[in-house]
Student: 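Below is the structure I would like to discuss, written out as structure tokens.
Both backbone and side-chain heavy atoms feed into the values below; hydrogens, waters and symmetry mates do not.
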Amino acid sequence: MRPSIESALKRSAELTRNNRLVEAVAVAEAAINRAYDDEGPEIRQWLTDHTDDFVGRED
């Protein structure tokens, strides 16, 4: 996945943790829409691996 896509997903997680859900969805959606088809599986995996980043839980 390109660094710009990953950066946008991280920003989306930060916005979500700060209760800025509408902005978070807009950032994530824009990133996903810019992604190449072959990046889809990696994005899905990143989202799965980083679920706690969105909800603010720490293990």
Student: Could you check whether any side-chain N or O of Glu6 sits under 3.5 Å from a backbone N or O of Met1, counting only pairs where one atom can act as donor and the other as acceptor?
Tutor: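 Answer holds: no.
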Student: Would you say the side-chain atoms of Ser12 pair up with the backbone N or O of Ala8, donor to acceptor, closer than 3.5 Å?
Tutor: no
Student: Would you compute the distance between atom CD1 of Ile43 and atom CG of Asp38 and round it to the nearest 0.5 angstrom?
Tutor: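 Spacing of CD1 (Ile43) from CG (Asp38) equals 9.5 Å.
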Student: Checking Glu29 side chain against Ala26 main chain: does a donor-acceptor pair fall under 3.5 Å?
Tutor: no
Student: CG/Leu21 to CG/Leu15 distance, rounded to the nearest 0.5 angstrom?
Tutor: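 If we round to the nearest 0.5 Å, Leu21:CG and Leu15:CG are 9.5 Å apart.
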Student: For Ile5 versus Ala31, what's the shortest heavy-atom pair and its separation?
Tutor: CD1-O, 3.2 Å
Student: Could you state the interatomic distance from NZ (Lys10) to NE2 (His50), rounded to the nearest 0.5 Å?
Tutor: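 Spacing of NZ (Lys10) from NE2 (His50) equals 6.5 Å.
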Student: Looking at Arg17 and Asp53, would you say the former's side chain and the latter's main chain have a donor-acceptor pair under 3.5 Å?
Tutor: yes
Student: Identify the two heavy atoms, one from Phe54 and one from Leu9, that lie closest to each other, and give their separation to 0.1 Å.
Tutor: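 Reported closest heavy-atom pair: CZ-O, 3.8 Å.
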Student: Identify, with sequence neighbours excluded, every residue that meets side-chain hydrogen bond (donor to acceptor under 3.5 Å, both in side chains) alongside Arg34.
Tutor: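 Testing Arg34 for side-chain hydrogen bond (donor to acceptor under 3.5 Å, both in side chains), a comparison that skips the adjacent residues, returns none.
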Student: Please report the interatomic distance CD(Glu42) to CD(Glu39), rounded to the nearest 0.5 Å.
Tutor: 7.0 Å
